Novice: 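Sharing a structure, written as structure tokens. Questions coming.
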Amino acid sequence: TQNTKGIFKSVDGGESWARKDRGVEAGDEISFRGFGIHPANSDIVFGAAEIATEFQGKEFNKTQGKIFKTIDGGENWYQVWEGNNLARVVLFDYLHPDTVYCSTGIFDREAYDSDWDTQTRGGEGVLRSYDGGETWTNANTGIENLYIGYLEMHPTDPQTIYAASGNFVYHTEGKGYIYKTTNGGDSWEEMLVGGCFSAVTVSTSNPEVVYALDGGACYRSENGGVSWEKYFNASEGTWGPPGNKPGIPISAAVHPENENMLFVNNYNGGNFVSTDGGKTWVNSSRGYTGADIRDIHVDPDVPSRVYAVGRNGIFKTENGGLDWIGKTFSPAGLEFMRISVPEENFERVYGVVDALITTEDG
């Protein structure tokens, strides 16, 4: 849950839920970013959290982080780490589960110990534990950008881990990096320099195939990250389905039996899938309600024809919402707030990127 203390557990596949956050000493300042479940004992779980602070950074609020642990299936939790950036992705070494990793940071938050005036990025980088998550240390040798928004472990070699880094405020040339370790985090090697990387994922059927994503492109490697192909729509200046504003990838996964089938979930709303290794994409969001919809217009003559606008662009349906087609093409690849459609011509659409509202008293 975001900005609300809450951990919920289901034992019937998500049909019903029970609150399980006893021992989490926090209020509405906490957001849980991720969970890590022990590979052999599902009663042992880690909750990775962001702690909002009252301090504003250059563009985003400054955050701290905490990690909580339960050993009784969520009945009781206790804190095992706190630091100067949010905690997000928790990974177990599936061969030696006492070794645990956690990523810290993300692209749209600033570390509590950052300082724009002195160009101090701050942050925590990658955390590692050798005692089942009771104590943690930083494992950042070779990592320049400590905003590690995503971690992915090799499916057959837990010593090999990929990290995606980047932050919109504190960045070096290229903004972000993909890092790789082959020794369990003792040292990291820079594998790719690009945009603000927010996701990296490895094929389980062919672990040499690795994907990395930022807001502008999808990258594919067929040799474990040594070299990469960059895929994006040059006319739109980004990746994703035609007519869709893809936004920032939050997570990605490769089909377990098909190295060319890639699924990506995006910050601005939308689940996308590629079946050709990241070259082209289709929207796969039917039934998904993550998009932030801000305005809607219905054709008065054909009520099944509707326009909707949200964070990830303008969409149109001809069948009453069963299927939606993206209509966000360059140069209108923007984040719209409102649309206006004249009743006499429902094919003419005006989009408002931002709006200034003046009250009667000014």
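Since the model is a prediction, treat every value here as computed from it, not as a measurement. Reckoned from all heavy atoms, side chains included, excluding hydrogens, waters and symmetry mates.
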Novice: Using the rule given for side-chain contact (heavy atoms from CB on, under 4.5 Å), can you reason through I143 versus S165, listing the C-alpha separation, both sets of side-chain angles and the distance that settles it, and then say yes or no?
Specialist: CA-CA 9 Å; I143 294 179; S165 75; 5.9 Å; no
Novice: Tell me if a side-chain donor or acceptor on S103 pairs with a main-chain N or O of V89 at a distance below 3.5 Å.
Specialist: yes
Novice: Which heavy atom of R33 sits nearest to which heavy atom of R88, and what is that distance?
Specialist: CB-CA, 3.9 Å
Novice: In terms of the angle between their ring planes, are F168 and F60 parallel, tilted or perpendicular, with boundaries placed at 30° and 60°?
Specialist: tilted
Novice: Please check this pair: side chain of W239 against backbone of D214, looking for a donor-acceptor N/O pair closer than 3.5 Å.
Specialist: yes
Novice: I want to know whether Y150 and F197 have ring centres closer than 6.0 Å.
Specialist: no
Novice: Please work out whether the ring planes of F32 and F68 are parallel, tilted or perpendicular, with thresholds of 30° and 60°.
Specialist: tilted
Novice: Please verify the inter-ring angle class for F35 with W77; under 30° counts as parallel, over 60° as perpendicular, anything in between as tilted.
Specialist: tilted
Novice: Do F263 and T201 make a side-chain contact, defined as non-hydrogen atoms from C-beta onward lying under 4.5 Å apart?
Specialist: no
Novice: Using modelled atom types only, decide if a donor and an acceptor are shared between the side chain of Y162 and the backbone of G224 within a distance under 3.5 Å.
Specialist: yes
Novice: Out of curiosity, I30 CD1 to E25 CD, how far, rounded to the nearest 0.5 Å?
Specialist: 10.0 Å
Novice: Is it the case that K230 places NZ or CZ above or below the six-membered ring of F232, under 6.0 angstrom from the centre and within 45 degrees of the axis?
Specialist: yes
Novice: Crowded around E318 CD? As in, over 12 foreign heavy atoms under 6.0 Å?
Specialist: yes
Novice: Can a salt bridge be assigned to the pair E259 and R220 using a cut-off of 4.0 Å between side-chain N and carboxylate O?
Specialist: yes
Novice: Does the T63 side chain pair with the main chain of R109, one donor and one acceptor, at a distance under 3.5 Å?
Specialist: no
Novice: Any sub-3.5 Å donor-acceptor pair from S31's side-chain atoms to N3's backbone N or O?
Specialist: yes
Novice: Taking 4.0 angstrom as the limit, do E134 and K69 come out as a salt bridge?
Specialist: yes
Novice: Do the side chain of T181 and the main chain of S187 share a donor and acceptor less than 3.5 angstrom apart?
Specialist: yes
Novice: Begin with the C-alpha distance, continue with both residues' side-chain angles, and end with the deciding distance and a verdict on side-chain contact (heavy atoms from CB on, under 4.5 Å) for D295 and Y307.
Specialist: CA-CA 8 Å; D295 201 5; Y307 284 101; over 6 Å; no
Novice: Within the distance-only criterion (no hydrogens, no angle test), does the side chain of D72 pair as donor or acceptor with the backbone N or O of D43 below 3.5 angstrom?
Specialist: no
Novice: Would you sort out whether E110 and N167 count as a side-chain hydrogen bond (donor to acceptor under 3.5 Å, both in side chains), showing the intermediate values?
Specialist: CA-CA 8 Å; E110 297 178 42; N167 183 267; over 6 Å; no
Novice: Checking the side chain of T53 only, and the main-chain atoms of K62 only, is there a donor and an acceptor separated by less than 3.5 Å?
Specialist: yes
Novice: Walk me through it: do D186 and R128 pass the test salt bridge (charged side-chain N to carboxylate O under 4.0 Å, His left out)?
Specialist: CA-CA 10 Å; D186 287 342; R128 181 174 60 185; 2.9 Å; yes
Novice: Can you say whether the rings of Y147 and Y170 are parallel (under 30°), tilted (30 to 60°) or perpendicular (over 60°)?
Specialist: parallel
Novice: Any donor and acceptor pair, going by atom type alone, linking the side chain of N265 with main-chain N or O of I250 inside 3.5 Å?
Specialist: no
Novice: So, N244 side chain and P246 main chain: donor-acceptor pair closer than 3.5 Å or not?
Specialist: no
